[in-house]
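We count ligands from 1, going down the list as the structure has it; atoms in each ligand are counted the same way. Since this is a predicted model, take the numbers as computed values, not measurements.
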Amino acid sequence: MSVKPTSSQQGKTAVVTGGAGFVPSHLIERLLHDGLKVIALDNFVTGHPRNLAHLEGNENFRFIEHDVSLPFDVEGPVDYVFHMASPASPIDYVKIPIETLKAGSYASHNALDLALAKGATYLVASTSEVYGDPEIHPQPETYWGNVNSIGVRSCYDEAKRYAEAATMAYHRAHGLDTKIVRIFNTYGPRMRLDDGRVVPAFIGQALRGEPMTLFGDGSQTRSFCYVSDLVEGIWRLARSETHEPVNCGNPHEMTIRQFAEEIARHFGLELNVVEQPLPPDDPKVRKPDITRAKAVLDWQPVVPFDEGIAKTIEYFRGFVGSTSH
Ligand code: NAD
Ligand code: UDP
């Protein structure tokens, strides 16, 4: 295990694509907290300016509105490029499949070229979706996956698999210092209430007194990681010496029906669900094997599910009834 200490990061510069999104906005806060300067780029296709509004006036932070699938450059030295830009929710990427493919392909090349030109470390946000509907459970990084290359989710899954391939090609061909984080379902404040992912969907429905929309019979499983845990893992990975993909997620697995029960419990409600058809290619199980993250990053999630969900519910309370979300 070798991770550079945060004290040696003071004054360095990080570029974060997709900075106005849920996970990237938390990453930016962490980088600023550790003394870095941050330049964020976003075109607000799924993110929102409110996620960065509190950073206005911070002299170490700069925002550029830009579609990173189109070429871009930034002035001055850059130490890290975090390529985080991509639609991430199934309803978002099914609505904008071509933008999603470009975020994994064209935008990856643009971000990789920036890192190469600046001699920066490059980190890409990949996903557990590279494992598709997995036949191995839990999923270790050595598993090559089971992805339908022409299904409705393929615009996302294959774009991320391409993003990983491009990252390894730049590492091998140019010696670029690259990192690949495979993110498993992560939740927390700043998700969009209407982004369709199960955490905001069920919490929003509970807050509005509506039944929760359970897709299929709810026997499919997911493992939910609180965002501060993920950000810690990403930042450790960026400072590590590993070039192999690393899973970051919480191995605490539950069925989606159990997840609905947990949300009902938090609200002191009886379980109230309406079953809807399971979307095509919806993975039946998902749970990260985090052996590698423990070994190379000395990382594992620490935020208990109840604590993370309570904070997330608190955040969403402010939006129910509002028209701006
Ligand atoms: P998000 O939608 O909140 O954030 C993504 C951001 O990227 C948004 O602000 C969006 O506007 C921006 N973006 C997309 N395409 C862009 C483009 N062409 N140019 C500029 N900006 C663009 O989603 P998130 O959950 O925060 O996900 C962040 C990253 O992490 C994504 O790459 C996603 O694939 C990955 N990831 C997230 C999860 C999760 O559970 N949250 C799981 C796996 C992978
Ligand atoms: N899901 C659900 N109801 C919803 C939204 C999602 O039952 O309103 C299910 C979905 O079918 C999947 C799981 O919850 O099995 C997680 O979905 P999400 O969109 O959050 O992320 P995924 O892990 O599928 O990318």
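- Look at Tyr156 and you'll find a heavy atom under 4.0 Å from some atom of ligand 1.
- Protein heavy atom at the shortest distance from atom 18 (N) of ligand 1 is Asp67 OD1, 2.8 Å.
- Taking each of Val227, Leu52, Asn43, Thr46 in turn, the one with a heavy atom nearest to atom 16 (C) of ligand 1 proves to be Asn43.
- Ligand 1 lies within reach of Arg197, whose nearest heavy atom is under 4.0 Å from it.
- For Ile183, no nitrogen or oxygen atom sits less than 3.5 Å from a nitrogen or oxygen atom of ligand 1, counting backbone and side chain alike.
- Residue Asn185 approaches ligand 2 through these ligand atoms, each under 4.0 Å from one of its heavy atoms: 21 (O), 22 (P), 23 (O).
- Across Gln220, Arg286, Arg222, heavy-atom proximity to atom 9 (C) of ligand 2 is greatest for Gln220.
- Shortest contact from atom 11 (O) of ligand 2 to any protein heavy atom: Asp282 OD2, 2.6 Å.
- Which parts of ligand 1 touch Val23 is read off a 4.0 Å heavy-atom cut-off, strictly below it: atoms 26 (O), 41 (N).
- Residue contact check: Asn185 has heavy atoms under 4.0 Å from atoms 40 (O) of ligand 1.
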What's the verdict on salt bridge (Lys or Arg N to Asp or Glu O under 4.0 Å) for Lys287 and Asp289, showing C-alpha distance, side-chain angles and the deciding distance? CA-CA 7 Å; Lys287 171 181 170 166; Asp289 177 334; over 6 Å; no

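- Under a 4.0 Å criterion applied to the non-hydrogen atoms of His66, ligand 1 contributes the atoms 19 (N), 20 (C).
- The Leu214 neighbourhood of ligand 2 comprises atoms 7 (O), with distances under 4.0 Å to a heavy atom of that residue.
- Nearest to atom 24 (O) of ligand 2 by heavy atom, out of Glu129, Arg153, Gln276, is Arg153.
- Close N/O approach between Asp42 and ligand 1 is found [any backbone or side-chain N/O within under 3.5 Å].
- The salt bridge (charged side-chain N to carboxylate O under 4.0 Å, His left out) test applied to Glu232 returns Arg30, Arg236, not counting sequence neighbours.
- Residue contacts with ligand 2, taken as heavy atom pairs separated by less than 4.0 Å, involve Val198 via backbone and side-chain atoms alike.
- Assignment of Pro90 to the shell around ligand 2 is supported, since a heavy atom sits closer than 4.0 Å.
- Of all the atoms in ligand 2, the ones that sit under 4.0 Å from a non-hydrogen atom of Arg197 are 19 (O), 20 (O).
- Contacts of Lys160 with ligand 1, taken as heavy-atom pairs under 4.0 Å, involve the side chain alone.
- Of all the heavy atoms of Val199, none lies under 4.0 Å from any atom of ligand 2, so neither backbone nor side chain is involved.
- For ligand 2, the atoms lying closer than 4.0 Å to a non-hydrogen atom of Gly196 are 5 (C).
- Phe202 counts as a contact of ligand 2, since one of its heavy atoms falls under 4.0 Å from the ligand.
- If you number the atoms of ligand 2 from 1 as listed, the ones under 4.0 Å from a heavy atom of Ala201 come out as 8 (O).
- Residue contacts with ligand 2 for Thr213 involve both N, CA, C or O and side-chain atoms from C-beta outward (heavy atoms, distance under 4.0 Å).
- Just one residue in the list Arg182, Arg153, Arg161 forms a side-chain hydrogen bond (donor to acceptor under 3.5 Å, both in side chains) with Glu129, and that residue is Arg153.
- Here the shortest heavy-atom pairing between Arg190 and Phe22 reads O-CB, 3.5 Å.
- The shortest N or O to N or O distance between Ala88 and ligand 1 is not below 3.5 Å.
- Heavy-atom proximity to Met84, at under 4.0 Å, picks out these atoms of ligand 1: 28 (C), 29 (C), 31 (C), 32 (O).
- With a 4.5 Å cut-off on side-chain heavy atoms, Gln300 and Ile290 count as touching.
- Using a 4.5 Å heavy-atom threshold, the side chains of Ile234 and Leu123 count as touching.
- Between the choices Thr100, Leu41, Val68, the shortest heavy-atom distance to atom 19 (N) of ligand 1 belongs to Val68.
- Residue contacts with ligand 1 do not include Thr17, since none of its heavy atoms lies under 4.0 Å from the ligand.
- In this structure, Ser128 has no heavy atom closer than 4.0 Å to ligand 1.
- Distances below 4.0 Å separate heavy atoms of Pro24 from the following atoms of ligand 1: 26 (O), 28 (C).
- Backbone and side-chain nitrogen or oxygen atoms of Asp92 are examined, and none is located within less than 3.5 angstrom of a nitrogen or oxygen of ligand 1.
- Residue contacts with ligand 1 do not include Lys102, since none of its heavy atoms lies under 4.0 Å from the ligand.
- For ligand 1, the atoms lying closer than 4.0 Å to a non-hydrogen atom of Ala20 are 9 (O).
- Proximity of Ser89 to ligand 1, defined as any heavy-atom pair under 4.0 Å, is not found for any part of the residue.
- Considering only non-hydrogen protein atoms, atom 13 (C) of ligand 2 sits nearest to Ile256 CD1, 3.6 Å.
- Ring centers of Phe72 and Tyr106: at least 6.0 Å apart, outside the cut-off.
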